[in-house]
**Student:** 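Below: one structure in structure tokens.
Residue numbers run from 1 in the order of the sequence given.
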Amino acid sequence: MGSHRRLVPSGFDRGARGATLCVLTAAAAALGVLPAGAAPQDDTRAEVDRLYEEAEHATESYNKADERTDTLRDQVDRAQDRMARQQDRINTMRDTLGSLAGAQYRSGGLDPSLALMFSDDPDEYLDKAAVLDRISSRQAGELKELQGAMRDLSQEREEATRKLGELDRSRKAVARHKRTVEQKLSKARQLLNAMPGADRAAYDRASRSGRVPDLTGAVPSSGRAAAAVAAARSAVGRPYVWGANGPTGFDCSGLTQWSYAQAGVGLPRTSQAQAHTGRPVPLSQAQPGDIVTYRGDASHVGMYVGNGQVIHAPYPGAPVRYDPVGMMPVNTVTRP
């Protein structure tokens with residue numbers, strides 16, 4: 001993980017270096033840094049910022065738990081398919097063993113020496129006895145194979161039971177994180193609704209940045225990076241929707257994941273996982289398509305698009321937009 005670097009190279013926007021550690025940093029910078037003895041509405045804005053940041057932390061936890069749930073569900077489904085096939089195999093082997101046992105009983109009911117004495121055709125009996133020996137050997141092999149199959153099935157069932165328990169815990173974690181997000185967002189909306197009209201209008205204007213920067217000369221690092229940048233630019237203006245990864249709405253990591261998916265590249269679901277995907281590069285050498293994560297815990301992520309700008313999904317109420325790459329402390333820059 002990188003250090004809390006602030007933007008220093010020329011060519012990048014230095015105006016956002018004093019931004020706060022929150023999802024609404026860009027909006028707070030547009031509204032002005034809170035002075036000492038700030039007015040109550042400034043305190044309200046700071047509290048809304050804090051709640052949105054906490055909601056984003058919870059959103060990334062939700063995304064991680066949801067991704068884990070999907071993985072476990074697939075594993076359980078595959079295990080159940082394997083168990084069904086194994087059970088069919090066991091049933092077939094049991095039928096085969098039953099037929100062999102019945103044939104052996106019908107043909108070998110007498111002691112072999114007595115059967116030979118009373119046989120009308122000793123040569124025919126000896127031929128049958130040889131066949132029965134082969135059947136007995138085959139039966140022993142079939143029985144051993146059946147026992148192995150049953151052990152395998154028992155192990156599969158134990159593993160499936162464990163996975164089902166883990167799946168249940170993961171589902172509960174998803175629900176828990178969802179409740180946390182909803183509570184944070186609900187409280188933030190209540191605070192926003194209680195703001196004086198002028199302050200709320202100023203806050204809303206800061207949340208609807210329609211600025212399109214000049215990206216002339218910005219060259220992506222590869223063809224797939226160019227495709228991802230094009231996808232991200234096409235998403236500008238779409239709403240922030242927590243837990244969403246497109247195409248009609250996005251949270252921060254959902255946007256970068258979706259954008260690279262359009263280029264045929266799979267990224268992990270969470271910003272924390274995306275922080276470790278690809279090759280680390282210095283911020284001063286960032287190229288369009290690079291993934292930029294923020295804060296010490298990499299709880300926010302955007303895509304660098306050139307000339308000191310990123311595209312990101314900021315927070316609820318603010319659509320996908322451009323902002324300075326230094327809008328908050330950079331954690332990592334990686335090149336998928």
**Student:** Go through the structure and list residues passing side-chain hydrogen bond (donor to acceptor under 3.5 Å, both in side chains) with Asp251, not counting sequence neighbours.
**Tutor:**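 In terms of side-chain hydrogen bond (donor to acceptor under 3.5 Å, both in side chains), with neighbours along the sequence ignored, Asp251 is linked to Asn63, Arg269.
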**Student:** Is there a donor in the side chain of Gln87 and an acceptor in the side chain of Arg157, or the other way round, less than 3.5 Å apart?
**Tutor:**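 Short answer, yes.
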**Student:** Starting at OG1 of Thr270, measure out to NE2 of His276 and round the result to the nearest 0.5 Å.
**Tutor:**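 Rounded to the nearest 0.5 Å, the OG1-NE2 separation comes out at 9.0 Å.
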**Student:** Do Tyr62 side-chain atoms and Arg179 backbone N/O form a donor-acceptor pair below 3.5 Å?
**Tutor:**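 A pair under 3.5 Å: no.
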**Student:** Mind checking whether Leu215 and Tyr322 have side chains closer than 4.5 Å, heavy atoms only?
**Tutor:**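 A side-chain contact exists here, since the closest heavy-atom pair is under 4.5 Å.
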**Student:** Between atom CG of Asp290 and atom CD of Gln285, what is the distance when rounded to the nearest 0.5 Å?
**Tutor:**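 These two atoms lie 10.0 Å from each other.
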**Student:** A quick test of your reading: do over 12 heavy atoms of other residues, nucleotides or ligands sit less than 6.0 Å from CZ of Arg233?
**Tutor:**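 Incorrect, the count does not exceed 12.
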**Student:** Could you tell me whether the side chain of Val281 reaches within less than 4.5 Å of the side chain of Thr334, counting heavy atoms only?
**Tutor:**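 The answer is no; the side chains never approach within 4.5 Å.
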**Student:** Provide the closest heavy-atom pair for Ala244 versus Gly249 in the form atom of the first, atom of the second, distance.
**Tutor:**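 Answer, listing the atom of Ala244 first, then Gly249: CB-O, 3.5 Å.
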**Student:** For the CG atom of Leu164 and the CD atom of Gln80, what is their distance to the nearest 0.5 Å?
**Tutor:**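 The CG atom of Leu164 sits 6.0 Å away from the CD atom of Gln80.
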**Student:** My understanding is that only residues two or more places apart in sequence, or in another chain, count here; which of them pass ring-ring contact (aromatic ring centres under 6.0 Å, His included) with Tyr260?
**Tutor:**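 Partners of Tyr260 under the ring-ring contact (aromatic ring centres under 6.0 Å, His included) test: none.
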**Student:** Do Leu255 and Ser253 have side-chain heavy atoms sitting under 4.5 Å apart?
**Tutor:**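 No, their side chains stay 4.5 Å or more apart.
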**Student:** Are Ser234 and Arg238 side-chain neighbours, meaning at least one heavy-atom pair lies under 4.5 Å?
**Tutor:**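 In short, these two side chains touch, coming nearer than 4.5 Å.
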**Student:** What I'd like to find out is whether the side chain of Val292 reaches to under 4.5 Å of the side chain of Tyr304, using heavy atoms alone.
**Tutor:**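 Of all side-chain heavy-atom pairs linking Tyr304 with Val292, at least one is under 4.5 Å.
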**Student:** To the nearest 0.5 Å, what is the distance between OG1 on Thr248 and CH2 on Trp258?
**Tutor:**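 Result: 10.0 Å between the selected atoms.
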**Student:** Taking side chain as C-beta onward, heavy atoms only, is Met328 less than 4.5 Å from Arg295?
**Tutor:**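 Met328 vs Arg295: side chains touch.
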**Student:** What's the shortest heavy-atom distance between Pro288 and Ala218, and which atoms?
**Tutor:**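 Looking at all heavy atoms of both residues, the shortest contact is CG-CB, 3.7 Å.
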**Student:** Going through the checks in order, is the salt bridge (Lys or Arg N to Asp or Glu O under 4.0 Å) test met by Asp70 and Arg73?
**Tutor:** CA-CA 5 Å; Asp70 289 341; Arg73 188 182 296 112; 2.9 Å; yes
**Student:** Check this for me: does any side-chain nitrogen of one of Lys172 and Asp168 sit under 4.0 Å from a carboxylate oxygen of the other?
**Tutor:**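 Yes, Lys172 and Asp168 are salt-bridged.
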**Student:** Could you pull out the closest heavy-atom pair between Ser299 and Cys252, with the gap in Å?
**Tutor:**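 Looking at all heavy atoms of both residues, the closest pair is O-SG, 4.1 Å.
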**Student:** Less than 3.5 Å apart, any donor N or O on the side chain of Gln274 or Thr256 sitting next to an acceptor on the other?
**Tutor:**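 There is such a pair (donor and acceptor under 3.5 Å, judged by atom type) between the side chains of Gln274 and Thr256.
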**Student:** Answer yes when Arg321 and Asp323 have at least one side-chain N-carboxylate O distance shorter than 4.0 Å, and no when they do not.
**Tutor:**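 Here Arg321 pairs with Asp323 in a salt bridge, since their nearest N and O are under 4.0 Å apart.
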**Student:** Mark yes or no for whether Thr277, through its side chain, and Ala273, through its backbone, hold a donor-acceptor pair below 3.5 Å.
**Tutor:**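 A pair under 3.5 Å: yes.
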**Student:** Examine Phe250 and Val236 and state if one hydrophobic cluster contains both, with Ile, Leu, Val, Met, Phe, Trp and Tyr joined whenever side-chain heavy atoms are less than 4.5 Å apart.
**Tutor:**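 Yes.
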**Student:** Please confirm whether the backbone N or O of Gly289 pairs with a side-chain atom of Arg224, one donor and one acceptor, at under 3.5 Å?
**Tutor:**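 Side chain of Arg224 to backbone of Gly289, a donor-acceptor pair under 3.5 Å: no, none is there.
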**Student:** Kindly compute the distance separating CG (Asn245) from CG (Asp66), expressed to the nearest 0.5 Å.
**Tutor:**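 With rounding to 0.5 Å, CG (Asn245) is 9.0 Å from CG (Asp66).
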**Student:** Look at the aromatic rings of His300 and His312 and report parallel, tilted or perpendicular, splitting at 30° and 60°.
**Tutor:**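 The rings of His300 and His312 stand perpendicular, inter-plane angle above 60°.
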**Student:** Considering non-hydrogen atoms only, spot the tightest contact between Pro336 and Ile291 and give its length.
**Tutor:**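 Where Pro336 meets Ile291 most closely, the heavy atoms are CG-CG1, 3.7 Å.
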**Student:** Would you check if there is a donor-acceptor pair between the side chains of Thr293 and Ser271 at a distance under 3.5 Å?
**Tutor:**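 Not at all, the side chains of Ser271 and Thr293 share no donor-acceptor pair under 3.5 Å.
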**Student:** Give the minimum heavy-atom separation between Val320 and Ala235, together with the two atoms involved.
**Tutor:**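 Looking at all heavy atoms of both residues, the closest pair is CB-O, 3.4 Å.
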**Student:** Would you please test Glu166 and Arg162 for salt bridge (Lys or Arg N to Asp or Glu O under 4.0 Å) and show each step?
**Tutor:** CA-CA 6 Å; Glu166 192 174 349; Arg162 188 182 68 79; 3.5 Å; yes
**Student:** Side chain of Glu156, backbone of Met83: donor and acceptor closer than 3.5 Å?
**Tutor:**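 Absent.
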**Student:** Taking all atoms of both residues into account, what is the closest heavy-atom pair of Ser221 and Ala225, and its distance?
**Tutor:**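 For Ser221 and Ala225, the tightest heavy-atom pair comes out as OG-CB, 3.6 Å.
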